[in-house]
Amino acid sequence: MTSAYVLNGPNLNLLGMREPETYGTATLADVERSCRDVAEELGWTLEFRQTNREGELVDWIQEAGAAQSTGEAVGVVLNAAAYTHTSVALQDAIIGSGARVIELHISNVHRRESYRHVSHVSPVAAGIIVGFGVAGYPMALRALAELSA
Ligand code: CA2
């Protein structure tokens with residue numbers, strides 16, 4: 001069965017517990033449930049993960065790229081959180097693994113501090129979904145379905 005990866009970076013385990021004015025009130029478990037519903041509808045298994053460690057995200061992107069190359073995965077929805085704005089390693093992992101990546105942000109990063117306007121993921125992403133709250137996650141999975149059809 002084909003799988004899709006949804007990878008979440010640092011501090012997203014706190015979703016729904018702090019800063020509701022920026023990130024809303026849904027928890028990461030709520031987000032996972034909404035992604036599982038869409039994945040089931042699309043006939044995919046879902047790898048839904050969160051880590052506070054940059055290297056672990058690199059490992060998972062490499063894993064997804066390898067699975068994609070054998071037809072076992074369709075790609076990655078990546079909310080790299082703050083690593084988006086700092087990590088050349090993530091960009092290298094996306095390029096090196098060939099993973100199809102939809103970059104996702106819950107908040108509209110372009111309405112926020114200027115350091116959030118920089119993304120090392122955007123230049124190597126297939127597409128970007130920004131500012132739709134957690135509703136962006138199922139949108140991004142549907143975008144992966146469009147791109148991999
Ligand atoms: O808007 C997004 O999805 C972000 O990727 C979230 C990151 C932020 O650094 C990016 O600029 C934009 C922050 C994730 C931390 O999430 C929290 C959620 C609730 C409470 C505290 C942190």
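The first residue of the sequence shown is numbered 1, and numbering continues consecutively from there. Atoms within each ligand, like the ligands themselves, are counted from 1 in listed order. Owing to the predicted nature of the structure, the values given are computational and were not obtained by experimental measurement.
Polar contact with ligand 1: absent for R18 (N/O pair, distance under 3.5 Å).
Those atoms of ligand 1 with a heavy atom of A82 less than 4.0 angstrom away are 9 (O). Atoms of ligand 1 lying under 4.0 Å from at least one heavy atom of H85, given by number and element, are 10 (C), 11 (O). The contact set between ligand 1 and V109, taken as ligand atoms under 4.0 Å from a residue heavy atom, comprises 11 (O), 12 (C). Which parts of ligand 1 touch E19 is read off a 4.0 Å heavy-atom cut-off, strictly below it: atoms 21 (C).
The heavy-atom pair separating E63 from R49 by the smallest distance is OE2-NH2, 2.8 Å. The two residues H120 and Q91 have their closest heavy-atom pair at O-NE2, 2.7 Å. Of all heavy-atom pairs between T84 and S119, the closest is CG2-OG, 3.3 Å. Annotation for G9 and A81: closest pair C-CB, 4.0 Å, computed over non-hydrogen atoms.
Atom 4 (C) of ligand 1 has as its closest protein heavy atom H105 ND1, 3.7 Å. Closest to atom 8 (C) of ligand 1 among all protein heavy atoms lies R116 NH1, 3.3 Å. Distance from atom 3 (O) of ligand 1 to its nearest protein heavy atom, with residue and atom name: I106 N, 2.7 Å. Counting only heavy atoms of the protein, atom 18 (C) of ligand 1 lies nearest to Y23 CD1, 3.5 Å. Closest to atom 15 (C) of ligand 1, if we only count protein heavy atoms, is N11 CB, 3.6 Å. In terms of protein heavy-atom proximity, atom 1 (O) of ligand 1 is closest to S107 OG, 2.6 Å.
When only modelled atom types and interatomic distance are considered, Y137 and E32 share no side-chain donor-acceptor pair under 3.5 Å. With hydrogens and angles left out, the side-chain atoms of N52 and Q50 include a donor and acceptor closer than 3.5 Å. With hydrogens and angles left out, the side-chain atoms of E47 and S3 include no donor and acceptor closer than 3.5 Å.
C35 SG to Y5 OH: the interatomic distance, rounded to the nearest 0.5 Å, is 15.0 Å. Interatomic distance, N8 CG to I106 CD1, rounded to the nearest 0.5 Å: 7.5 Å.
The residue among P10, G16, A80, A81 with a heavy atom at the shortest distance from atom 7 (C) of ligand 1 is A81.
In this structure, N79 has a heavy atom closer than 4.0 Å to ligand 1.
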